[in-house]
A.B. asks: 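For reference, the structure I am asking about is given below.
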Amino acid sequence: MFIALILTFTIMSISTTTQFFSHLNPNQRFAVEHFCGPLLVVAGAGSGKTSTLTYRIANLILQHRVNPENILAVTFTNKAAREMKERVQNLFSEQLALLDYGEKLNFLPEYEKTKIKSRVWHNYIKEMWIGTFHSLFARVLRFDIEKYQDEQGRKWNRNFSIFDESDSQTLVKEIVSKKLNLDDKKFDSRSVRYAISNAKNQGFSPGELELECNDYKGRVIAQVYSHYQDKLAENNALDFDDLILLPARLFQQNEQVLGYWHQKFHHVLVDEYQDTNRTQYQLIQQLVTNGERKKSNRNWNQRSVFVVGDADQSVYSFRMADFTILLEFQRDFGDGLADEYTSTMVKLEENYRSSENILQAANGLIENNTQRIDKILKATKGSGESICCHTADDEVAEAQFVINQIRTLENQNPELDWVSFAILYRTNAQSRPFEDILVRLGIPYTVVGSLKFYDRKEIKDVLAYLRFIVNPSDMVSLLRIINTPRRGIGKTTINNLVNAAHELKKPLWEVLVDEISVNNLAGRASKSIKNFVQMVINWRREIDILSVSKLVKQILESSGYIDSLKDHGTDEAENRLQNVRELFNAVLQFEEENEEVSLENFLASTALNSNLDDLKEGDSAISLMTLHASKGLEFPIVFVIGLEQGLFPNYRSMNDPMALEEERRLCYVGITRAQDRLYLSHAKERRLYGYREPALRSQFLNELPEDLLVTQFCKSQKDTKNTFLPKSSDISNYASMPCWKVGNKVLHRTFGMGEITHVFGGGDKISLAVKFDYLGQKIVNPLQLQQVN
DNA sequence: CGAATGAGGGTTTTT
DNA sequence: CCCTCATTCG
């Protein structure tokens with residue numbers, strides 16, 4: 001096996017040098033071929049950044065024979081991590097196919113293809129540590145957290161829970177209002193929680209935060225922070241920020257632990273480096289230097305740190321990302337020479353994504369910023385279409401215009417599909433009018449990110465069961481499930497038990513296990529508690545016996561959770577049941593896709609993957625998302641909507657020059673998502689909290705080069721309006737005609753003849769499933785149908 | 001003990 | 001406008 005690997009390396013390295021990166025430009029090539037030492041890659045939007053990263057990883061392994069397990073690659077999102085793995089896997093499979101069969105991978109039979117891919121997965125991909133800061137260092141903590149103790153002596157063990165934002169919020173709230181009896185007007189839990197998070201992201205412990213603060217408010221926040229850590233430790237739980245802060249602290253206090261990980265990761269790569277915060281930077285620095293401060297003492301033999309980023313796309317300072325970290329890379333790691341002479345920085349400025357008009361708009365906008373690395377995107381494509389700027393009466397008209405445009409374009413251009421379109425906005429709430437129309441028209445769409453699957457009650461309930469089974473100290477989860485579904489364990493009973501646990505300074509669970517205590521404290525409910533306790537004990541026994549999915553199934557059934565939903569009988573309960581089933585599917589999928597399947601690992605993946613949308617990938621649908629969520633993506637046609645003063649730029653940023661620059665960068669990100677066509681729109685009036693408010697054109701629109709914009713589209717829109725999109729009053733007239741019946745033959749304006757198979761909804765929200773003669777079954781809008789006899 | 005009802009408050013962006 | 005929380009009633 002080992003010999004085979006070596007052989008593979010040797011032969012592959014011969015076959016790779018020639019065409020492996022023949023299509024890369026000189027600067028990309030420089031980056032890809034970089035082996036040891038530091039390198040900063042300043043990668044403009046659409047400059048082939050992801051390719052560069054994946055090719056470099058491939059090059060390290062194939063060319064320089066780096067062992068995959070010595071590679072650490074940090075991405076910004078889980079999705080990016082998955083994509084990177086997939087791309088490296090494809091690259092390797094491609095090479096291996098050439099080598100073993102002298103054929104392109106795609107020409108091989110399916111069976112051989114799969115064989116190669118799984119071989120690549122086993123030998124290379126699986127061994128690399130590719131993921132987000134949070135998931136990678138959660139993994140580190142599973143190994144080493146028991147060696148850590150904070151300055152107050154708080155400790156955790158390897159079964160720790162990861163608390164989500166609402167868990168954290170609840171904890172902080174409890175401390176503020178119950179424990180410390182603070183005025184919750186002055187110390188509202190949201191902003192206190194935010195302050196604590198910021199402190200953690202800057203590397204401060206409660207004690208250090210207190211020293212930092214001179215004012216009363218700061219000291220109180222430090223105090224809340226301290227109590228908050230007590231609570232977390234009591235629950236054997238960590239929040240998101242701890243997943244970064246704890247390892248950094250551990251590395252600081254324990255040379256051996258740091259030494260181990262330093263020894264393991266010879267090559268450290270960080271994507272989206274402009275979005276790292278101080279604590280994350282500290283981690284990278286520790287791993288790379290092994291704590292050696294002096295630059296001249298650092299040993300780069302067989303080692304590198306390779307970071308990729310673009311200060312112009314730094315849009316996460318609200319969560320303490322600090323792009324000066326990127327600006328200071330040359331000083332901290334590099335040779336610090338001027339741009340012409342340096343060998344530790346390279347710029348990728350050639351843009352392969354967008355048409356020239358779009359790039360010029362982007363460049364023109366970003367030049368209004370002061371804080372940046374001088375960099376300009378150079379076009380490699382033709383000038384393309386003009387950018388369309390549209391003024392709508394209000395947010396509904398805006399949505400109508402956009403969707404109207406999409407339908408027109410989709411109709412006129414056979415090469416376009418629904419996936420070609422993206423609608424980008426500043427705030428999640430802006431998706432609503434778009435969704436309303438899209439639902440009515442039966443156009444498929446996905447809202448990325450806003451649907452927080454794991455935030456739903458039923459999902460949190462089920463996860464609480466799992467969390468508590470793994471981690472008996474997790475009282476937050478225990479309290480969530482002890483009487484869900486109803487077991488007759490009421491508030492008073494629970495209070496008694498909690499108080500007793502508190503008095504005895506024992507975990508709640510230990511009190512529950514003790515029958516005598518329960519008999520005395522719980523009275524009538526004691527039988528239910530004993531049953532509950534027995535149930536949990538049984539599940540814990542099964543952890544090592546059953547597979548994760550079997551265990552989850554067992555829990556869902558024997559807890560009575562599923563039954564109680566079924567008994568409920570309402571639509572809402574049915575919906576919840578559906579979500580629980582979907583969660584169960586996620587478990588099955590997790591089992592298929594992962595090597596180390598354990599309940600802990602599944603829970604970590606759910607805590608760190610905030611949504612499930614990657615599960616439902618594959619259907620052709622228009623994408624709706626925030627500008628933040630769009631980072632790293634690209635679409636043929638992009639609509640950036642709601643360009644109004646106060647909304648975008650957001651009113652909270654308007655009086656702060658730095659914050660305003662960040663808003664501008666966000667706009668820059670939006671513009672540079674577009675490949676072929678870009679639409680910008682704003683409304684003259686917008687609903688906010690239910691009130692209509694007049695709105696002004698965004699200043700960003702004025703900052704764009706005027707000659708690139710075309711506004712005439714607003715006129716031609718009137719022509720198309722009637723043909724494509726009836727006013728809402730028309731819609732209700734049409735749709736309320738009670739003429740659609742299952743079995744009716746219909747003619748669709750684009751899909752042709754078909755037969756109705758289902759009728760959904762009622763009133764003005766009717767949609768129909770139609771089985772078309774040529775295209776199979778689709779859900780369509782009645783407006784596009786004609787009845788045929 | 002649990003469901004129903006009303007007031008009040010809140011939207012920037014997310015791992 | 002929508003959701004959460006708290007209080008009240010059954």
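By convention in this document, chain letters (A, B, ...) are assigned in the order of the sequence lines, proteins followed by strands, and residues within each chain are numbered from 1. Everything quoted here is computed from the prediction, not taken from an experiment.
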A.B. asks: Looking only at heavy atoms, what is the nearest atom pair of Asp241(A) and Arg193(A), with distance?
C.D. replies: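 That closest heavy-atom pairing would be OD2-NH2, 3.6 Å.
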A.B. asks: Would you say the ring centers of Phe133(A) and Phe76(A) fall short of 6.0 Å from each other?
C.D. replies: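 Phe133(A) vs Phe76(A): aromatic centres not under 6.0 Å.
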A.B. asks: Where the side chain of Asn483(A) is concerned, which of dT14(B), dT15(B), dG2(B) is the nearest nucleotide?
C.D. replies: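 Within the option list, the nearest is dG2(B).
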A.B. asks: Under 4.0 Å: is that the gap between some side-chain N or O of Thr493(A) and OP1 or OP2 of dC1(B)?
C.D. replies: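 True: Thr493(A) side-chain N/O within range (under 4.0 Å) of dC1(B) OP1/OP2.
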A.B. asks: Between Lys491(A) and Arg432(A), name the one whose nearest nucleotide on DNA chain C is closer to the 5' end.
C.D. replies: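 Comparing both residues, the 5'-ward one is Arg432(A).
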A.B. asks: Identify, between Arg487(A) and Glu662(A), the residue whose nearest nucleotide on DNA chain B lies closer to the 5' end.
C.D. replies: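 Taking each residue's closest nucleotide, the earlier one in sequence belongs to Arg487(A).
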A.B. asks: Quick one: which of dT12(B), dT13(B), dC1(B) gets closest to the side chain of Arg652(A)?
C.D. replies: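 In terms of side-chain proximity for Arg652(A), the closest of dT12(B), dT13(B), dC1(B) is dT12(B).
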A.B. asks: Indicate whether any N or O donor in one side chain lies under 3.5 Å from an N or O acceptor in the other, for Asn471(A) and Asn159(A).
C.D. replies: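 Asn471(A) vs Asn159(A): no donor-acceptor pair found between side chains.
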A.B. asks: Where along residues 168-179 of chain A does a heavy atom come under 4.0 Å from DNA chain B, residue by residue in number order?
C.D. replies: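 Going residue by residue through residues 168-179 of chain A, none turns out to have a heavy atom under 4.0 Å of DNA chain B.
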A.B. asks: Nearest to the Asn428(A) side chain among dT15(B), dT12(B), dT14(B), which nucleotide is it?
C.D. replies: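 So the side chain of Asn428(A) is nearest to dT14(B).
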A.B. asks: Please pick, from dC1(C), dA3(B), dT12(B), the nucleotide with the shortest atom-to-atom distance to any side-chain atom of Arg486(A).
C.D. replies: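 Output: dA3(B).
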A.B. asks: Mind checking Asn277(A) for me? I need base, sugar-phosphate or nothing, with any heavy atom below 4.0 Å counting as a touch.
C.D. replies: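 No contact at all - Asn277(A) keeps every heavy atom at 4.0 Å or more from the nucleic acid.
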A.B. asks: Using a heavy-atom cut-off of 4.0 Å across all strands, would you classify Phe648(A) as base, sugar-phosphate, or nothing?
C.D. replies: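 It contacts nothing in the nucleic acid.
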A.B. asks: Check every atom of dC1(B), dT12(B), dT15(B) against the side chain of Phe240(A) and return the nucleotide holding the closest atom.
C.D. replies: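 Selected nucleotide (nearest to the side chain): dT15(B).
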A.B. asks: Can you name the residues that form a side chain to side chain donor-acceptor pair (under 3.5 Å) with Lys530(A), not counting sequence neighbours?
C.D. replies: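 Testing Lys530(A) for side chain to side chain donor-acceptor pair (under 3.5 Å), a comparison that skips the adjacent residues, returns Asn519(A).
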A.B. asks: Side chains of Val308(A) and Val270(A): does their closest heavy-atom pair fall under 4.5 Å?
C.D. replies: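 No. Closest side-chain heavy atoms not under 4.5 Å.
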A.B. asks: Which listed nucleotide (dG2(B), dT15(B), dT13(B)) is nearest to the side chain of Arg319(A)?
C.D. replies: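 The nucleotide sitting nearest to the side chain is dT15(B).
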A.B. asks: Would the Tyr316(A) and His628(A) ring centres measure less than 6.0 Å apart?
C.D. replies: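 Between Tyr316(A) and His628(A), the centre distance is under 6.0 Å.
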A.B. asks: Can you see if the side chain of Thr626(A) gets near the phosphate of dT14(B) - specifically, an N or O under 4.0 Å from OP1 or OP2?
C.D. replies: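 It does, given that an N or O in the side chain of Thr626(A) lies less than 4.0 Å from OP1 or OP2 of dT14(B).
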A.B. asks: Testing the 3.5 Å rule here: is there a donor-acceptor pair between the side chains of Asp188(A) and Ser191(A)?
C.D. replies: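 Distance-only check passes for Asp188(A) and Ser191(A).
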